[in-house]
Amino acid sequence: MTEHIDLEDGAETEGREQTGQGQFETRSIHAGQEPDEETGAVMPPIYATSTYVQDGPGEDRGYEYSRTGNPTRTALEENLAALEDAEYGRAFASGMASINTVLNLLEAGDHVVAGDDVYGGTHRLFRQVYEQYDLSFSFVDTTDHDAVLSAMRPDTELVWVETPTNPLMRVNDIAALSEIAHDHDALCAVDNTFATPYLQQPLDHGADIVSHSLTKYLGGHSDVVSGALVTNDEHLDERFGFYQNSVGATPDPFACFLVLRGTKTLALRMDRHCENARTIADRLDAHPDVSHVYYPGLESHPQHDLAAEQMRDFGGMVSFELDATLDETADFVSATEVFALAESLGGVESLIEQPATMTHASIPREERIEAGLTDGLVRISVGVEHVDDLWSDLESAIELALS
Ligand SMILES: *Cc1c(COP(=O)(O)O)cnc(C)c1O
């Protein structure tokens, strides 16, 4: 690993003013979004320009070329930093581009410890792209800290954490995992896509980097693909800026505008996502055809107390196991009318999927079942529709599929 990314002792807190002030809801609406000085436009314009006129050779006005920087992207980046209560934010073309950028920090020979149930795309990037550049990866159950400790090696430079995880909603202890990483001079990066900064702020628990797929809750309307990295470390941020410019996986200004539009209502949407998900989880838990519900908000969840401590609320994702065969479960997820049958998550509309045949179909059956991804497992992204409509949709689809 290069010396550029060594951790600073104690992140600076100066300069916070410019990342937005006030409570979360206020920051999400105002941070990075001063009215346009020239026209008074309340919303940041979509700067559809590739280049910028210079006042003289080498005398730019802060922007030279839109891969390097664009004012709409700057507005989004400041907004995202403020949402995580952080100093620095960088936007990327997708969540995968963000994750890729974190891997760009590493050098051949470095080792990474990651959760054994990370997002499938993350697993694929690590194993199928970066192993050939001589990075190595250990995938462990990150709720088991002894397992994490014994996976750490002298060449471990990064601990990659997701919480809650997909689709079994395991909750990982960000503070404990950051401490393990730092004791071994490694960085701790947290993929905060499922929780969002409204529910959980990993940097406050000791993480060095937060990664987001903005495609999910932050965009919030299933109409844009984008990603972000947030940190309090100036050197890391500089590296991220270097990779934005060198690799070029940056979002266009229209994508930035769409995400900015989404973050304004993040708090409102998350409150409703959480409320609806909790109601649905409770009702599923009491349903005779449901054998298990995976939701951190349920007291029966093995990491419920940790989730209550680490998160403001328990999120909008719920998984559950139907007492049903693979085919019956496929019939069930096909029978819902309000819940759309689709991968992805985090939009205002409710989605449903069967991991065994969809998001996790590439895992061999025996391995899949051993990992808890049974034939009857169903994952839902609970939207913000009326909860009674959502419930009756699920209830009648179960009846239809299992009768
Ligand atoms: C979707 C997702 C990603 C990848 O993000 P894209 O925007 O689809 O590239 C990464 N991590 C998690 C947890 C995700 O849900």
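All residue numbers refer to positions in the sequence shown, counting from 1. Predicted model, so just to flag it, every value in this text is computed and none were measured. Counting convention: from 1, in listed order, for ligands and their atoms alike.
- Note on ring orientation: taking the six-membered ring where Trp is involved, the planes of W160 and F126 are perpendicular (angle over 60°, cut-offs 30° and 60°).
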Under a 3.5 Å threshold, I'd like every N/O contact between ligand 1 and protein atoms, with atom names and distance.
| residue | atom | partner | partner atom | Å |
| --- | --- | --- | --- | --- |
| ligand 1 | 5 (O) | S213 | OG | 3.0 |
| ligand 1 | 7 (O) | G95 | N | 2.9 |
| ligand 1 | 7 (O) | S213 | OG | 2.8 |
| ligand 1 | 7 (O) | T215 | OG1 | 2.6 |
| ligand 1 | 9 (O) | G95 | N | 3.0 |
| ligand 1 | 9 (O) | M96 | N | 2.9 |
| ligand 1 | 11 (N) | D191 | OD2 | 2.7 |
| ligand 1 | 15 (O) | K216 | NZ | 2.7 |

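- Taking the six-membered ring for Trp and the full ring otherwise, the centers of F320 and Y294 sit at least 6.0 Å from each other.
- A search for side chain to side chain donor-acceptor pair (under 3.5 Å) contacts involving H212 returns E84, not counting sequence neighbours.
- With sequence neighbours excluded, no residue forms a side chain to side chain donor-acceptor pair (under 3.5 Å) with E64.
- Aromatic ring centres of H123 and F139 lie closer together than 6.0 Å.
- The side chain to side chain contact (heavy atoms under 4.5 Å, CB included) search around T142 returns V140, V148, N172, L177, not counting sequence neighbours.
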